[in-house]
Amino acid sequence: MAYWLFKSEPDCYGIDHLAAEPKQTTRWDGVRNFQARNLLRDKIVRDDTVLFYHSRCKAIGIVGAAVVVSDAYPDPLQFDPQSPYYDAKSTQSKPRWYSIDIKLQRVFNRPILLDTIKQIQALESMALRKQSRLSVQPVTAQEFNTLMQLIDD
DNA sequence: GCCAACGTTGGC
DNA sequence: GCCAACGTTGGC
């Protein structure tokens with residue numbers, strides 16, 4: 001049972017979009033970074049917890065939690081020439097990119113803002129703060145527990 | 001919307 | 001396999 005943080009731009013796909021999905025479940029696709037891909041393909045497993053993070057917006061921070069409800073499988077968008085996520089170097093037998101499905105668990109009453117995270121000593125080694133560009137990041141159990149204590153609902 | 005930081009590509 | 005050029009990310 002591990003913890004992860006997934007970033008998304010709410011203008012593109014925010015937690016409200018996830019909440020509006022049938023079964024509040026979506027495919028996390030379009031990840032096109034090798035380090036993030038390796039986590040999706042090799043480390044993230046069913047029942048892991050995902051913290052949903054909003055980037056590039058007014059209230060930057062963690063806005064809710066989701067749970068992983070599938071194993072990793074090849075991202076279908078890499079095979080679709082119409083998709084912006086199409087990758088000519090991918091083949092069905094040798095896919096380059098992977099997806100998983102996540103299901104919304106809860107939306108926090110208010111986000112845990114990046115500003116707040118930056119002020120907390122126990123969170124200073126979060127990947128958010130060093131490898132800030134990685135869109136799929138590991139979160140330790142200690143970090144997760146610290147974050148959950150900040151939720152007041 | 002700017003731009004620094006960082007990941008990827010490709011010529012050599 | 002180095003590294004300059006280029007593209008993208010994401011906080012501000």
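Each chain gets a letter, A, B and so on, in the order the sequences are listed, and its residues count up from 1.
No salt bridge links A/Asp101 with A/Arg27; every basic N to acidic carboxylate O contact stays at or beyond 4.0 Å. Ion pairing of A/Arg32 with A/Asp75 is present here, as a side-chain N (NZ or NE/NH1/NH2) and a carboxylate O approach within less than 4.0 Å.
Rounded to an integer number of Å, the gap from A/Arg32 CZ to B/dC6 C1' is 19 Å. Between A/Leu128 atom CG and B/dC6 atom P there is a gap of 14 Å when expressed in whole angstrom units. Straight-line distance from the CG atom of A/Leu5 to the P atom of C/dG10: 11 Å, rounded to whole Å. In this structure, A/Asp87 atom CG and B/dT8 atom P are separated by 12 Å, rounded to whole Å. Protein atom CG of A/Asn33 is 9 Å distant from nucleotide atom P of C/dG10, rounded to whole Å. A straight line from CG of A/Asn38 to C1' of B/dT8 spans 14 Å, rounded to a whole angstrom. One atom, OH of A/Tyr85, and another, P of C/dG7, lie 18 Å apart when rounded to the nearest Å. Following rounding to the nearest Å, A/Arg56 (CZ) and C/dT9 (P) show an atom-to-atom distance of 8 Å.
Comparing C/dG11, B/dG7, B/dT8 by their nearest atom to the side chain of A/Gln35 picks out B/dG7. With B/dG7, B/dT9, C/dG11 as the candidates, the nucleotide lying closest to the side chain of A/Leu114 is C/dG11. With distances taken from any side-chain atom of A/Tyr53 to the nucleotides C/dG11, C/dT8, C/dG10, the minimum falls on C/dG11.
Heavy atoms of A/Lys118 sit under 4.0 angstrom from primed sugar atoms or phosphate atoms, though from no base atom.
A heavy-atom distance below 4.5 Å is not found between the side chains of A/Trp28 and A/Ile44.
One donor-acceptor pair, N or O on each side, does fall under 3.5 Å between the base of C/dT8 and the side chain of A/Arg133.
Within the model, atoms CG of A/Asn145 and OH of A/Tyr3 stand 6.0 Å from one another, a figure rounded to the nearest 0.5 Å.
Projected onto DNA chain B by closest heavy-atom contact, A/Lys130 and A/Arg96 fall at different nucleotides, the more 5' of which corresponds to A/Lys130.
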List the steps, then state whether side chain to side chain contact (heavy atoms under 4.5 Å, CB included) holds for A/Leu114 with A/Tyr53.
-> CA-CA 9 Å; A/Leu114 178 61; A/Tyr53 179 90; 3.7 Å; yes
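For A/Lys7 and C/dT9, the shortest distance from a side-chain N or O to OP1 or OP2 is not below 4.0 Å.
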